[in-house]
Every structure is written in C-alpha cells, then in structure tokens.
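Take a look at the structure below.
Below, each value reflects all heavy atoms present in this structure, side chains not excepted, and no hydrogens, waters or symmetry copies. Every chain is numbered from 1, with letters handed out A, B, ... down the list of sequences.
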Amino acid sequence: MYREFKHLHLPSIDAEILQFWDDEQIFKKSVDQRPAENAFVFYEGPPSANGKPGIHHVISRTVKDIFCRYQTLKGHRVERKGGWDTHGLPIELQVEKELGITKEDIGKKITVEEYNQACRTTVMRFKDLWDDITRKMGYWVDLDDPYITFKNEYIESCWWLLKRLYEKRTANDESFLYKGFTIQPYSPAAGTGLSTHELNMPGCYRDVTDFSTVAMFKVKREDKSDFLFDANDEDVRILAWTTTPWTLPSNVALTVGPGITYAKVRTFSPYTGAPVSLVLAKDRLPAYFPEENAALAFEDYKEGDKNIPFRVEKTFQGTDLVGLHFEQLMPYVSSPELEKDGFRVLPGDWVTTEDGTGVVHTAPYFGADDMRACKENGVPMIGVPDDKGRILPLVDKQGRFVPEVTDFAGRYVKAEYYPAEVQAEKDFKPTDLLIALKLKDENKAFRIEKYKHSYPHCWRTDKPVLYYPLDSWFIRASAARERMAELNKTINWKPASTGSGRFGVWLENLQDWNLSRSRYWGVPLPIWRTEDENEELCIGSIEQLSQEVNKAVAAGFMSENPFSTPPPTPPQGGRGAVEQAAERRDAKSAVSGYSGRPSFKTDPERWKFLKDYVRANRKNPTSAEKDMWEALRDKQFHDIKFRRQHAIEDFIADFVSLEYRLVVEIDGDIHDLQPEYDKYRMEFLEASGYSVIRFTNSEVQNERPAVLKKLWQAIQVQKNTLAQAESPSTAPLPLGEGSGVGLKTGFDLHRPYIDDIILVSPSGKPMRRELDLIDVWFDSGSMPYAQWHYPFENQEKWKQNYPADFIAEGVDQTRGWFYTLHAIAVMCFDSVAYKNVVSNGLVLDKNGEKMSKSKGNVVNPFETIDEYGADATRWYMISNAAPWDNLKFDENGIVESRNKFFGTLFNTYNFFALYANLDGFKMDESNVLPYNKRSELDRWIISKLYSLVADYHAAMNDYEPTKACRAIENFVDEHLSNWYVRLSRRRFWKGEMGEDKLAAYQTLFECLMVVGQLSAPAAPFFADWLYRNLTAPIKATAKANNTPLQHDSVHLTDLTQPDPSKVDKALEKRMDHAQRICSLALSIRKKDKLRVRLPLQKILLPVLDGTFQVEVEAVKPLILAEINVKELEYITDASGLLKKSAKANFKTLGAKLGKDMKAAAAQIAEFNNDQIAALEQAGSLALSVNGASYTITPEDLVVSTEDLPGWATASDGTITVALDVTVTPELQAEGLARDLVNRIQNIRKDKDFNVTDRVVVTLERHPAILPAVEQFHDYIKGETLATDLVLADALDGEKVELNDEVALSIDARISL
RNA sequence: AGGGCUAUAGCUCAGUUGGUUAGAGCGCUACACUGAUAAUGUAGAGGUCGACAGUUCAAAUCUGUCUAGCCCUACCA
C-alpha cells in the first residue's frame, strides 16, 4: 500500500526524515558509495561559532547544500569537511566585554594565558546552536571531523605557507613576505594601530570641526619655473589646502593633477597686504576669488580691504608645474637629501578639483596617498634619524611634536589629546590654530577657517586617530597582481559581474597585503629576529622549530626544549590528590614553558577573575545548558538545590549540587578539545569527594527523561556514598594553578607561550619572535591546505581535493575569503583555489531593510524552520530570487512556496496513492509499458518531464538554482497538476485495470519519481519523503532485483539524465494548441454564461496553414472532453467564411525596410484576404513604400483571422476559436443529466460513501428532468455507480437546486 | 569619494541577440467547477518599465548623465 495523508505538514516530514537519515547514516552513505576518483570538491567557508546563526546563514548554506547534493546525485563523491573559524578581533572583543576588561588589562588584571583560555571557550559558545541549525535545515556537512583554526596542526600549515612565501622571490629578488611600514590608523592615546574593522564600528566616524589652512608655498626661481615669473621681483606662490595643519612641518612636496589646468593670479596677500602671485587650479578660482573683484583697480587697494582685486595672468597644465622647487614652508628639519630631491611639485592622478586648491600638500608620514606619491617620485622622508639611522616622524607615538619642531615641541597635535581641563582653559589654543597663526604672521597663510568633516575616532579612547607610519609585515601581493587577474579570468563567477567588477577591478589595483595584527588571539607570525634586525629566521614547521630550539638550548638561551618533552603521564595510584596535582603541575609547567610562575595559590585576583567569568557565562548559556537549567532550577528537581556555572576552587562546574557533591557537566564544546584536561579535572574533583556526571548536548535536548533519570540515579549513589563516609569529605581542595578554564596539554603555539621561545642566530645572538599575529583572513585562506594539515599529513588527500570545484559564500567575502583563497593559491601554487564560486547577496527584511538587532527585524531561523519546515524555507529562498540578488525575506513568501509547490506536489502524490491503493497498483520496474503504447497525453507529460530534466541540468550546471527550481515549480503546477492530472482523473477512477489505466499510473509514477529527484537538492526532506513513499511498496522487490529503485533514499539514487529520445517537441506544440484552444473556448462559455456541464454541439477552428489542422486533430479528443463539445470543425479559405488580417513581422521586415518600416506596417495592416492569398501563393509580393520598392515574403507577415460573423469567438495570437452556442433540447437534457450526476455525487460524498460503493438513487419526478432521465438513464447510473435509478412522486431525500428554476429531492443509499 | 549590485503591477519576480498589445505568481474583485475539494479553473481591475538625454525605422532592452536603496573599499589634501 502507498501511504496516504490527510494534510501536508512539512515540519513532521522534516522530523521523520531527519530520524531516518540519522538511523541509516544516509549522508555518510551518499558520500561513501561514490568513487573517490570521481570527486567533486567543495570547500566549506568556516563560520565563527561565537555568534548565533541567523537566517542569512540558512540561505548561504542552502546554496552550498544544493550543489553538493546535486553533484552527489550525478555520481560524484562530494566530501564536505566542516570547519570553525576561531580567531580574530570579534572574539577578543567579546571576551573583553564578558570579562569587563580592556586590552590594557591583559597581562595586568588577568594573565595572557587566562585571556587565551577565555578566547578558546568563547569561540565555541554557540557551537551547539550551529550544530542544531545545520541539522534542522538539512545542511549536509561533516561536523565530526571539522578543521579548527586554533589547532596546532592548522597553525603549522599556515606557518608552512608563510615560509613558502618568505622564500619565494619576485623577479627583482624580493621576498614575498617582508617587513615594511605603512601609514595606518593609529591611536596615540591607546598606543596601538587600529584595523579598518575597528574604524568601521558604529560611532567611530564622527563629524568634527578642524582648522583648515590654505598655505602659500614660495616658488624658487629657476629655469623650469621661469615661465611663472613676469617680473624679476615677483613673489610667486602655490596654494595648498589642508585640514590637518599639524602635518605642515612635515611637508616635503606638493602634488598636482597632470591633466588639470592651473592659473596664476596676481593679487595681494589677504593677511599682510603684500603683493603676490598665486598658483591654483583654474576650476577652484571662484572659491577664493569672487568674480566681481576681478574688476577692482589694483591702485585702489589698501591693506585690510575686504575686497581684494585680482587678475588671472595666465593658465597652464599641471605637467608644467611638475618638477618645480619651492621653499620649505616650515623649516624645522631638513637634510641634504631633502634639499636635493624634496620640496618639489609631483604629479598625482588622484588629485581632484572638488575642494581645496587642486594642489595637495604632501606629508608622506601622515597620508597613505602621500607616501605612495613620494615613494614613486623618489622624494626622501622628512624626520629625525634615530640611532639606527631610521628616520622617525616629527610626531612621536604619543601624538606630540618632537623637540626638533622647536616652536611646538611637546605639544599634542590634536586638541583632544589634552586633558579636558586643559582644553577648557581660557587661552587654550589647538596646535592646528597655533600653526595657522604662525603662518599668517609669516605671510605664508592665504586662508584660515573652520572646516567640518567626518573623521575617524578610536573606539576605545574616543579620541581622533592619526594616520601614522607603523611597522608591519606584508605579503607582496602586488607582485602577483597580473597572475591573479589572469587566473581569475578562468574562474566561473556567479554572478559574473562580481568576478569582473568588484573582484576583478580590485585585483587590478591590488596593494600589498598587510598581514600584521598587534593582538593576542590568532596565528603568531613565525619569524624570529635578532635585536639588531640583521639576522632573521622564518619557521615553517614545528619540527624545524624544535630543531632550532635544540640549538638554542645548546647556546643556553632556553633551559629545555618543550617540543621534545613527552606529554605528562597519568598519575599512578597510591598518593594523595594534592601531591599528584603538584606533580602534574610541574610537568605541565615544563611543557608549556612558563615555569617559574608563582601560581600555586588561588590568589584574590584570580578568584575574582573566575567569579567574573562564571557570571558572564551564566548570561550566555548554550541552549542545552539552558534546557538543563530549566529542569533543575528553583529546586524543582526532587527539591535539590542546584547551582549553575559554579566555581569550585579553580574549576567551573556547569551545574553542581553542593549538598550531594555532584557535578553535572554538559559537553557544549568540541569534544576532543581537551581530553587530558577533562580527565585531570575529573580526578581532581573526585579526589575531593565530588562525583561528576556528564551528558552531551543532544542527550539533554533530545532525551531529557533519560537524562533526568540518570541524574536521579547518580544522586542516589552519592547519597549512599556520603552516608557511608565517616564524615563528608572535608579535605581541602587543591589550590589553583592557573588553568581552570582549560588548556590543551602539549605545547600551545599561541601567544604567550610561543613568545617564550628564544632561538639562536647563526652568529650566536638570541632571536625573539616578531610579536605580531597574522591577519585572520590568512587563516581562512589557508584552509585548502591547513584543513588537511598539508603538507605534514594527507598529501594524497590534498591532491585529490585541490582546487575546489565549487565554493559559495556571501558577497561580502569577495575581498575576504574569496580573495585570500585566491591570493594564497596563486602565490604559493600558481593555481586557482576554486573553479566555480557563487557569491550570494544579503538577506533583508521584507521592507528591504538590513536586518539588525537594533531594528528588531532579525528573523530567528529556528522559529522559521519549526513553523514552515526546512524545505519550504529553502525553496522559498532559492526560487524567489537569484542567490546573488538581495533577498527580501518575507514569511508570506514561504507560505506561498509551501502551498503552491509542496501543496500541489503533495496533492498529486495523494491522488496517486488513493487510486493506486484502490486499484492495487504497484509500480513494477520489470514490466513498464513502452511509451509508444501510451496515450497522447501520457507521452506529452513524459516529453514535458524530459524537457524539464534537460532544462534542470542546464541550469544546475550553470549554477543557476533559481532557474532550476522555477522550472520544476512550473512543471508541477502548470503541466502535471493542472493539465495532466486534471485531464486524466477519469482514467484513474473509471473502469477496471487495463492498459490505459496502467499507462496512466506508470506515467504519473514516473513524473513524481523524477520530480522528487530533481527537487532533492533544494528540498531534501520532502523529496526523500516522496521517494520513500513511492518506492516503499516495492522496495524489497527492487533490492532483490537490483533495480534503480532499490535505494533507501532519493539521495542515494542516480539522477535522471536528459534523454532527447523522450522529448517530442511536436507533441508539446500540439498540446500547447489544445491548451490554448480550451482556454479560449472556456472564456467564450464564461462570457455567454454557458456552464461547462452543458454540452455544446460544435467548435469551429479557422485554419491558416495545413500543419495546424494535423496538429489539432491529434489532440481533438482531449479538447472536446475538456470543453464538453461534441464536434470540431475546421474552416479553411475555401469556406469563404474566413476574414484574414495581416500584421507586419517587425523583426524580419525591420532589417529590410529600415526607416520605411512604419509606412509599410500601415500598408500591410490594410491587406485583405485576396492580397494575403496572393502573397501566400506567389511566395513574394512587391511593396512600394515612399517611392521605394521592396519584395516581401510570407514570413514577413503575421496572419490571423478576424471574428466570424454570427459566431461567438475569441482569439489569442494566431489562434481563433468560434463556438456554436445553440442549445438544443437534446443538449439541454444532456446537460441536466450531468447536473444530476453531479448532485448525486455530492450526496455520495456528503454521506461519506466509499468511492466504490454501489447505490440506489431515487429522484423526485420533476417535469424538468424527465427528458434527461429518460435519455441518459444508463449514463447517470454508470457515472454514479447506481444499481437502480428510479423516479418517485414523493420522497424523503436531499433537497437540491439543479439550476435557477429547478429544485428537487434526490435520495441515494447504498444498495444491498 | 571610488568600485559594484539593484530599480518593471499593491507585493515577489520573469522579460532571450533591440521588434507587434511588457508577462507570471501572490493579493484584490467577480464567476465557474466539484470522485484532488481547507484543492482547482476562468475572467477583470492594476504599469508614463526610477528620471532625463542620446543611438535607431523601432528601446524595459544599447549608450551617457542623474536619482534612490544596498554592499564592499576608503583619512583624498
């Protein structure tokens, strides 16, 4: 039997199928059954588990899942190794927030290792939520063995890659990994550089008002500049604007736009009244020189006048200015090199004339563009040399001028860096203003005014940032720019514009990758250097590091080599817990290389830290912990008081009953993370009289009663143990040792431990690690290698899985993961990292607004999936808009998907199951009726089905899931349900099982089966449910015979391949005619209020060409049945009834006629039957338009017929339908008979008779129905399964209205 | 500021290399059907295709400028 269902409830299907997948390991089987040689490689972009999963994660993971499942169905082995991104600033920030500390407190209030531990814990905070959403949404990814970026193995692979870059040389013999400095946002108050991420935090960009200054730079007279001088004593100056006057002492150049037109203006200096000639961009003149002042007489000008006369003397190009020298504006510091190559005019493409003067004041240490311009043009840096000969900027790291800037020495460059009370002083003046005033006094300022602009601030100190030169390690990505762009062109981007635009344009302007981060929680840069920086070493593996440490031990810089110390051994029995612990502590200290720390007491600081930590933890329970707490809180569990997140000396228990000394642990973290530590901790607790009971997340969430039962048993055991003990254990717990939050045994490659490693240089000097961490994006870009711990392990595996065939992430990853994958692959392996990439758009709310917690418009994915089911949610997301378009998420859309697609498919299946069960039909794979023995309708839907299969494959191969889903949707709704099933209904319920009926079942079965397969990638639950229902009755047979339907799950089957032999386009065209003709006929009936049950005599079809008639003839029975008409008659030209009209075919004629098109179209519209016939017969016709003569052919016309006079007609395009609407008494009677059948059927249904029940029908003897009953007696009986049909004068039946005039009583009862 | 995406019916979206009257679904209104029935069908109303200019016989489609929304990048002085 096929299962039948009352209603569609997708969440129940989800649950049923999830259970089945789990029980039968379907995901694993779907991967394992495919050959490894036939791999389709997918890379999972790792999510960070320190944030909760949102609805936007559901869409990106749906996209990934769809293509992985599709390729699996096509026979590929698609392994999907999951992963976790664990490093990075957001995690540091969250830890700091939870602990209530700032970066300054690291190393003071808490140790760096405590901080490190807290990061480890925090990073997996929501892992169980992620696991849960992964499962519930049906995303198949292997989470049993994920890659985790904080693991030593992962870090080691990153190091290996870094070393490869370190050793790789450019054509100029430069290393791909180098130390340099760039201009970066820097917060003097916090003493640290800031990332763009930090600058983009809300509230960081703020409008501030600064003193802007237009300074006058005096041009030196020399050959090149001679053209500027019209008089010998002329004072020619170039104007340059700045919003940061404090950078003016550091000015070394001016930059002009080569293509910009500049002007020399003769005027007077506004502050001193001295005559002067000024150079600035011509476009900027109006900003400084009001038009009306051009007319003022120079002789009349007096110093102090507001309106200053001016004359534009000459104009010239920026290129004319390039190379000119000027006098240093504020000559505090200079050098011979500067005198030679500095203080001159440079060209710069980026110069605009939108504001300022069209000349950019250039101070290389305080502007990235400035630095670039100076480097490109060989302008030396300005500053004070330190003892190593490096040139330091004129502003120190605290943000103050150095002593050499005598007038302003020691002054903070920004007013905000002074304490508030200093700023509040009456005569306080910002340094910017002081500088401006000095320039004014010296006749070097042209204009000083306040200027409001948006400027970034440090999120921690709230003070403005400086752009400041900082040391950093870089990857020389610019050297691989061309190769990256070239290889990028081989990648299939969806959408293409992201690859060529957003990504491609960016690659073309690629800068070196700044790898350095001054942080704690990340992959340490594996470079050690001597203090004099003359010797350095890049480490590429732990083994290499260990060898280097051995040398360092020999040289006496290290006491021992932590990498060669065996891991601590478990304690032997027989000694006290405290002793054991102490011993382990020693071992561990030695291992981790931080010996000598006095941490044998729980000091107050540490205790406070733990308390704060658990307090924070309580606010962020995992959902399993939350569930557990719901069961235990408030003494509701057998009146036992439980505490959660309770610190027991140095350890934190998830839940504890102090009364019964029972600790309850829930494994919320990655299980294998710290097995040694867990063991150690358990022993500790047990030694002090505690018992520990552990549960997993899924136990707590899915098997609560069993969990509580076990817990109760444990309590009983503890009760007895405690009662038997002479006295409850009061032994003091061993005191803490600084690892309560958890530490993996073995050496941890993170800071601070790694920083304790000191190596020895070839010349015997100590080398210390460069303190930087690397950009976390390097972590994620390394995943193709690091996930397999390549090249230290899995070399073969890696080879098979590189590069990826397919990846998908949000479009925001373009310059993130997409880039780092690409960059590392190109630079290290001269390869792409992925061949196809889908970058999906954002998920917005239904009003198109970005979802954010503050707006309260975030959608909870768990609730959505619980309510509508995963499939409806997935289907909606994919079918509604292309993945790369932004999705306006609206729950109504999910409802629509559910009703329209799943509802229709469900109904179709249910229909099939209902009748198949009645007829005892079971699909028999060995006995399938050949298509040529099936009806036109059957062959048509099969043809449509295989057209769908072809379209589907094309779309999926092209990474167009939306097109694929819409094609399926259209097939199911439009063709399968609304045409095939509707027209075939009668075949299923009428008569005995014969060939036609069998054909109907087999056809419908095949359609459902294939549709299930095609939908499986996008709707994995429903598709499997459908497949399993369809195949359950024959599963055993199929397995025995080894036939295609033997598989337990649709996800294990082989996808139906396109098969052109099953597609019959001519048949599809015929059926299209039928559908359109029916639609037209029904619309006539509707217009003339002729019910479909009322048969009509005749339908007329004008025939415009011979093939049309042949085509329609083939589907004639379907048409007649559908519209309830008795005959179909064709009208040809010969009938004389046809009135044709013609329209121009614009497409063909337009090319020929060009601008005469319009006139010709008018002429053609006037054609009559004869003209059209003449053209059709002759095959061509001369047409004269506007004096020109053209030859037109029949293809140039679109011929249609006009209404037939005296007939009810309707037309659609070239098809016209006329209906004979004469209702004869016979037709009337037949119509009534059908009405009667209908009413009787309704009664059967009302009375809940079985579909197969035989009945006796009694009709009231109403005069109106007599002819119908008389003539259609047998018909009525047959249709209603009546054994008897009798008339009675009076009866106790159902009162039924037959039509407006006729009402009568009808009785139907089951015949005995 | 630069780069990119988007803009078509009340809503969500199609619209192939420019070509006749710009389509679909939902929603709304009316009607029909009734052995799929909390299903289905038919019809109607609803559009200056974001704005302006250009190319063309012909533009939702190609080009340019602009506007709005969003994303990424960014101290332009």
Do [Y] and [X] have ring centroids that are under 6.0 Å from one another?
{"X": "A/Tyr1001", "Y": "A/Phe988", "value": "yes"}
{"X": "A/Tyr288", "Y": "A/Trp241", "value": "no"}
{"X": "A/Tyr819", "Y": "A/Trp777", "value": "no"}

Between [N] atom [atom2] and [X] atom [atom1], what is the distance in whole Å?
{"X": "A/Glu974", "N": "B/A14", "atom1": "CD", "atom2": "P", "result": "18 Å"}
{"X": "A/Tyr1190", "N": "B/C57", "atom1": "OH", "atom2": "P", "result": "11 Å"}
{"X": "A/Tyr980", "N": "B/A36", "atom1": "OH", "atom2": "C1'", "result": "14 Å"}
{"X": "A/Leu8", "N": "B/U37", "atom1": "CG", "atom2": "P", "result": "13 Å"}
{"X": "A/Lys1147", "N": "B/U16", "atom1": "NZ", "atom2": "P", "result": "10 Å"}
{"X": "A/Asn886", "N": "B/A68", "atom1": "CG", "atom2": "P", "result": "18 Å"}
{"X": "A/Trp241", "N": "B/C75", "atom1": "CH2", "atom2": "C1'", "result": "12 Å"}
{"X": "A/His7", "N": "B/U37", "atom1": "NE2", "atom2": "P", "result": "10 Å"}

[M] and [N], which share atom name [atom1], separated by this distance in whole Å:
{"N": "B/A1", "M": "B/U48", "atom1": "P", "result": "31 Å"}
{"N": "B/G46", "M": "B/A59", "atom1": "P", "result": "25 Å"}
{"N": "B/G25", "M": "B/G18", "atom1": "P", "result": "28 Å"}
{"N": "B/A32", "M": "B/G15", "atom1": "C1'", "result": "31 Å"}
{"N": "B/G50", "M": "B/G10", "atom1": "P", "result": "13 Å"}
{"N": "B/U8", "M": "B/C49", "atom1": "P", "result": "11 Å"}
{"N": "B/A14", "M": "B/C76", "atom1": "C1'", "result": "43 Å"}
{"N": "B/G64", "M": "B/A45", "atom1": "P", "result": "39 Å"}

Quiz item: If you pin A/Thr962 and A/Thr255 to their nearest nucleotides in RNA chain B, which one's is more 5'?
Solution: A/Thr962
Self-check item: 5' precedence on RNA chain B between A/Ala882 and A/Asp1156 (nearest-nucleotide basis)
Solution: A/Ala882
From C-beta outward on [X], which listed nucleotide comes closest to its side chain: [options]?
{"X": "A/Met1157", "options": "B/U40, B/G19, B/G3", "value": "B/G19"}
{"X": "A/Ser497", "options": "B/A36, B/G25, B/G4", "value": "B/G4"}
{"X": "A/Leu842", "options": "B/C71, B/U17, B/A36", "value": "B/C71"}
{"X": "A/Ala881", "options": "B/C13, B/C75, B/G25", "value": "B/C13"}
{"X": "A/Lys888", "options": "B/G3, B/U17, B/U12", "value": "B/U12"}
{"X": "A/Asn880", "options": "B/C75, B/A39, B/U12", "value": "B/U12"}
{"X": "A/Phe911", "options": "B/A36, B/G25, B/U6", "value": "B/A36"}
{"X": "A/Arg502", "options": "B/G19, B/G25, B/C71", "value": "B/C71"}
{"X": "A/Val981", "options": "B/C72, B/A36, B/G19", "value": "B/A36"}

Under a 3.5 Å cut-off for both distances, is [N] Watson-Crick or wobble paired, and to whom?
{"N": "B/C33", "value": "none"}
{"N": "B/A39", "value": "none"}
{"N": "B/A7", "value": "B/U67"}
{"N": "B/A1", "value": "B/U73"}
{"N": "B/U56", "value": "none"}
{"N": "B/U17", "value": "none"}
{"N": "B/G27", "value": "none"}

Quiz item: Does the ring of A/Phe1146 lie flat against the base of B/U20, closer than 5.5 Å centre to centre with planes under 30°?
Solution: no
Quiz prompt | Phosphate-side-chain proximity, A/Asn978 and B/G41, N/O vs OP1/OP2 below 4.0 Å | solution = yes
Polar side chain donor-acceptor pair, [X] to [Y], under 3.5 angstrom:
{"X": "A/Glu4", "Y": "A/Asn917", "result": "yes"}
{"X": "A/Asn840", "Y": "A/Ser60", "result": "no"}
{"X": "A/Tyr876", "Y": "A/Asp890", "result": "no"}
{"X": "A/Ser250", "Y": "A/Thr247", "result": "no"}
{"X": "A/Thr362", "Y": "A/Thr255", "result": "yes"}

Across the strands shown, which category fits [X] at heavy-atom distances under 4.0 angstrom: base, sugar-phosphate, nothing?
{"X": "A/Ala240", "value": "nothing"}
{"X": "A/Asn907", "value": "base"}
{"X": "A/Phe366", "value": "base"}
{"X": "A/Gly893", "value": "nothing"}
{"X": "A/Ser977", "value": "base"}
{"X": "A/Arg985", "value": "base"}

Quiz item: Between CG of A/Leu239 and CG of A/Leu254, what distance do you get to the nearest 0.5 Å?
Solution: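 With rounding to 0.5 Å, CG (A/Leu239) is 10.0 Å from CG (A/Leu254).
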